[in-house]
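Below: the structure, in structure tokens.
Numbers here are sequence positions counted from 1.
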Amino acid sequence: HLHNYWVYFGTGRFYVVEDNASSSQQSYYAVKEPKSAGVMTKATVTATGLINTTDVQSFTDGSIRSKSSGSSPMTLNNGASVATFYDVADEVSKTSGWFYHFTRTRARNTTKSVIADQSLVFSEYQPSGLKCQPEGQGYLNAPHLFVGVPGSFAPLGKDSSVKFKAGELVNASASLGLGAPSAPQI
């Protein structure tokens with residue numbers, strides 16, 4: 001991973017009044033610059049060549065499971081069966097990167113991201129969708145920059161009430177409260 005150039009970006013905008021009500025699916029992407037024989041090719045990368053990490057929950061013991069079904073091992077969008085954080089990391093390393101769909105209605109990324117140690121830190125804004133109360137909620141996300149899910153070191157803390165195997169649920173995001181968040185500062 002260290003010998004690759006990565007491009008990190010989120011989708012969504014919040015410029016005009018209509019954006020407040022938009023519920024179009026928005027996502028966050030981590031894309032490796034394509035190379036051939038060590039030389040960047042500038043080839044096109046499509047979402048089908050990326051690992052979708054939206055459904056992955058990670059735990060402090062390194063185990064993972066599906067958010068939607070609770071199953072482990074779980075199957076990724078490339079057909080691979082994975083049971084640990086390192087399994088997901090291995091699958092991402094074989095592809096052009098990862099992406100994550102924001103799961104909150106109307107959520108989007110409108111700011112820059114920063115790297116802090118092994119985490120990619122970025123904000124998420126969820127507009128209210130209401131004309132009379134336009135202020136929405138802000139969140140902070142910190143997935144592992146090369147994997148797309150938070151590492152077992154729990155950069156945003158853990159939820160001790162949710163246990164799986166020998167681990168506790170690693171928080172995928174943290175609420176920043178009311179308002180559009182600014183870009184993270186490290």
Inset, instruction - Please lay out, stage by stage, how Thr95 and Leu50 fare under the test side chain to side chain contact (heavy atoms under 4.5 Å, CB included). - result: CA-CA 6 Å; Thr95 68; Leu50 306 174; 5.6 Å; no
Inset, instruction - Please test Arg65 against Ser58 for side chain to side chain contact (heavy atoms under 4.5 Å, CB included), starting from the C-alpha separation and ending with a verdict. - result: CA-CA 7 Å; Arg65 72 177 179 190; Ser58 71; over 6 Å; no
Inset, instruction - Take Tyr29 and Trp98 through the ring pair (Phe, Tyr, Trp, His ring centres under 6.0 Å) test and state the conclusion after the steps. - result: CA-CA 6 Å; Tyr29 293 86; Trp98 57 266; 8.6 Å; no
Legend entry - side chain to side chain contact (heavy atoms under 4.5 Å, CB included) evaluation trace for Asp87 with Ile64: CA-CA 9 Å; Asp87 292 343; Ile64 60 147; 5.9 Å; no
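Between Gln26 and Asn109 the shortest side-chain heavy-atom distance does not fall below 4.5 Å. Within the 4.5 Å cutoff, no side-chain heavy atoms of Lys35 are placed close to those of Thr41. Thr103 is listed as a side-chain neighbour of Thr54, based on a closest heavy-atom distance under 4.5 Å. You'll find the side chain of Glu33 stays beyond 4.5 Å of the side chain of Val31, heavy atoms only. Ser128 is not listed as a side-chain neighbour of Gln137, based on a closest heavy-atom distance of 4.5 Å or more.
For the pair Ala183 and Lys112, the tightest heavy-atom approach, listed with the atom from each and the gap, is CB-O, 3.9 Å. The two residues Ser23 and Thr105 make their nearest non-hydrogen contact at CB-CG2, 4.4 Å. Minimum heavy-atom separation, Ser123 to Ser182: OG-O, 3.8 Å. Scanning all heavy atoms of the two residues, the minimum distance from Pro73 to Ser81 falls at CB-OG, 3.3 Å.
A donor-acceptor contact shorter than 3.5 Å links the side chain of Thr53 to the backbone of Phe99. Of the possible donor and acceptor atoms, none in the side chain of Asn78 sits under 3.5 Å from a partner among the backbone N and O of Thr48. Ser71 places no side-chain N or O within 3.5 Å of a backbone atom of Ser66 that could act as its donor or acceptor partner. Looking at Tyr125, its side chain does come within 3.5 Å of a backbone N or O of Gly136 through a donor-acceptor pair.
Both Val88 and Trp6 are part of a single hydrophobic cluster, where members link through side-chain heavy atoms under 4.5 Å apart. Note on Tyr86: it clusters hydrophobically with Val92, by side-chain heavy-atom contacts below 4.5 Å among ILVMFWY residues. Grouping the Ile, Leu, Val, Met, Phe, Trp and Tyr side chains by contacts below 4.5 angstrom, directly or via other members, places Met74 with Ile51. Tyr8 is connected to Val149 through a chain of hydrophobic side-chain contacts under 4.5 Å among Ile, Leu, Val, Met, Phe, Trp and Tyr, so both are in one cluster. At a threshold of 4.5 Å between side-chain heavy atoms, the hydrophobic network of Ile, Leu, Val, Met, Phe, Trp and Tyr places Ile115 and Tyr100 in one connected group.
Of the inter-residue distances, the one linking Ser27 atom OG with His101 atom NE2 reads 4.5 Å to the nearest 0.5 angstrom. Note: Asn20 CG to Phe14 CZ = 4.5 Å, rounded to the nearest 0.5 Å. Atom OG of Ser119 and atom CG of Leu145 lie 7.5 Å apart (nearest 0.5 Å). The OG atom of Ser93 lies 6.0 Å from the NZ atom of Lys32; values are rounded to the nearest 0.5 Å. If you take OG on Ser152 and CG on Asp61, they are separated by 8.0 Å, rounding to the nearest 0.5 Å. With values rounded to the nearest 0.5 angstrom, Glu168 atom CD is found 8.5 Å from Asp159 atom CG.
Between Phe59 and Phe164, the distance from one ring center to the other falls under 6.0 angstrom. Under the 6.0 Å cut-off for aromatic ring centres, Tyr28 and Phe122 qualify, their centroids lying closer than that.
Residues Thr84 and Ser63 bring no donor and acceptor atom of their side chains to less than 3.5 Å of each other. At a cut-off of 3.5 Å, with distance as the only test, no side-chain donor of Gln126 or Arg106 sits close to an acceptor on the other residue.
Residues passing the salt bridge (Lys or Arg N to Asp or Glu O under 4.0 Å) test with Asp19 are Arg13, sequence neighbours excluded. Shown here are the salt bridge (Lys or Arg N to Asp or Glu O under 4.0 Å) partners of Glu91, two or more places apart in sequence or in another chain: Lys94.
Grouped with Ile186 in one hydrophobic cluster are Val114, Val121, Leu140, Leu156, Leu176, the linkage being side-chain heavy-atom contacts under 4.5 Å among Ile, Leu, Val, Met, Phe, Trp and Tyr residues.
When Val147, Val56, Val170 are each tested for a side chain to side chain contact (heavy atoms under 4.5 Å, CB included) with Phe85, only one passes: Val147.
Using a cut-off of 4.0 Å between Lys/Arg side-chain N and Asp/Glu carboxylate O, Arg104 and Glu124 are scored as salt-bridged.
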